[in-house]
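Since the structure comes first, as structure tokens, the remarks are kept for the end.
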Amino acid sequence: MKAIVKKIGQKGVFVKDTDFIENLGVTIRTLYTGVCGTDREIANDALPFIRAENGNELIIGHEAIGIVEDPGDSDQFKKGDLVVPMVRRPGKCQLCKIGHQDYCIDGDFVEAGIRGKNGFMREKFRDDEKFLLKVKDKEIQEIGVLTEPTKNVMKIMETFKFLSSRVPWYCGDSTFSCKNLYIYGTGSEALLISFVFSTLGFNIFLVNRHPVSDKIQSIINGIGASFLDSSSEDYENKLSRNRPDVIIDAVGSSEILRKSVEKINNNGIIILFGTSGQLMEKNEDITGYIVDKNISIAGSVDGSKENYREAIEFISSNKNRFPFKDLISGIGSPENIDKIAKKDKDEIKYIIKW
Ligand code: BGC
Ligand code: ZN
Ligand code: ZN
């Protein structure tokens with residue numbers, strides 16, 4: 001069977017004929033797998049923590065939806081069920097033991113298609129039922145591939161709710177309509193963040209360093225959000241007129257982030273999802289703002305099984321409200337290997353049909 005494989009330490013990925021690797025578990029036929037920045041970094045040999053499960057080859061892919069072909073010993077799943085597998089699998093720490101490998105203390109976890117476990121870019125795989133989620137709504141067979149990136153958003157939302165409980169946060173009328181949310185990035189993850197947070201009624205701005213395609217602009221307009229080009233002259237003016245209350249970074253550019261951190265309102269919240277290690281290290285002058293304004297900063301990575309469940313629920317119940325379909329800008333075949341390493345112009349989310 002076909003699989004997309006990465007040789008550790010070597011640039012690029014390739015299609016390889018492989019056997020079943022797992023002997024036990026639920027047998028799943030892969031329907032779609034999504035490609036994200038992590039996969040691109042793997043393909044370009046730019047992800048420092050990539051690890052094979054055995055030897056020096058790793059089957060990549062961590063965003064997937066598939067159909068149960070043989071439930072094996074499982075009584076939770078039956079043939080024909082639509083399922084989404086989880087990326088991160090627990091190690092031995094106390095948090096991993098309670099299903100919170102997303103908050104693992106010692107890093108002793110594995111991640112399918114990323115570190116220490118073969119992933120889902122293959123025609124079929126077997127998996128432990130503990131790490132599978134059922135998708136009851138058959139209508140989301142295609143957009144259900146967005147569950148994995150959406151589960152990250154559900155954890156971001158959880159983090160936001162936790163931090164916003166430091167102080168009463170509402171607008172005097174029980175809503176968030178007076179609060180400005182800035183999302184850095186305009187890719188599929190940023191757009192999913194905007195969908196989920198728009199349900200709280202925020203005033204949303206998506207920011208990038210360059211103009212966006214008409215398609216992305218229309219998705220942003222469609223949810224009543226605005227796009228800001230941080231390279232344009234009036235960006236800082238706009239920022240000053242609509243100071244951020246919440247900043248969610250999905251790109252990891254400390255430069256654009258820094259400008260908005262300086263403008264953040266008191267009691268503001270910053271959630272970092274893109275990897276931006278520089279915010280604290282290089283811009284020490286920022287710490288004064290953070291203390292004086294009671295700013296909360298949190299990093300957020302991965303998500304729990306509950307976050308996956310919430311993601312499936314969110315996509316299913318909002319499939320007619322948000323344009324998930326428009327996020328999928330291209331569907332290709334496994335052989336179309338170049339698409340994994342290189343992002344197409346105007347791509348939002350590229351997925352592979354198996
Ligand atoms: C995945 C996360 C994972 C992270 C780091 C992301 O693309 O969505 O689940 O923890 O990569 O490996
Ligand atoms: Zn991903
Ligand atoms: Zn752990």
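Counting starts at 1 for both ligands and their atoms, following the listed order. The basis for the numbers below is simple: all heavy atoms, side chains too, and nothing from hydrogens, waters or symmetry mates.
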Aromatic ring proximity Phe205/Tyr235, centre distance under 6.0 Å: no
Going by heavy atoms, is Glu63 under 4.0 Å from ligand 1? no
Strictly by modelled atom types, are Asn307 and Ser304 linked by a side-chain donor-acceptor pair under 3.5 Å? yes
Quick one: the SG of Cys93, the Zn ion (ligand 3), SG of Cys96 angle, rounded to 10°, please. 110°
Within rounding of 10°, what is the angle whose vertex is the Zn ion (ligand 2) and whose arms end at SG of Cys36 and OE2 of Glu63? 100°
Applying a heavy-atom cut-off of 4.0 Å, say which part of Asp102 lies close to ligand 1: side chain, backbone, both or neither. neither
Close side-chain approach of Tyr182 and Asn242, heavy atoms under 4.5 Å: yes
Shortest protein contact, atom 12 (O) of ligand 1 (heavy atom only): Glu111 OE1, 2.5 Å
Taking only heavy atoms of Lys151, which atoms of ligand 1 are found under 4.0 Å from at least one of them? 2 (C), 8 (O), 9 (O)
If you apply the rule side-chain contact (heavy atoms from CB on, under 4.5 Å), what do you find for Ser194 with Ile223, and how did you get there? CA-CA 8 Å; Ser194 73; Ile223 61 156; 3.4 Å; yes
Could you tell me whether the side chain of Lys349 reaches within less than 4.5 Å of the side chain of Glu63, counting heavy atoms only? yes
Tell me the protein heavy atom at minimum distance from atom 8 (O) of ligand 1, and give that distance in Å. Glu148 OE2, 2.6 Å
Of all heavy-atom pairs linking Val15 and Pro334, the shortest is CG2-O, 3.5 Å
Atom 6 (C) of ligand 1 sits nearest the protein heavy atom Thr38 OG1, 3.6 Å
Minimum-distance protein heavy atom relative to atom 9 (O) of ligand 1: Asp302 OD1, 2.5 Å
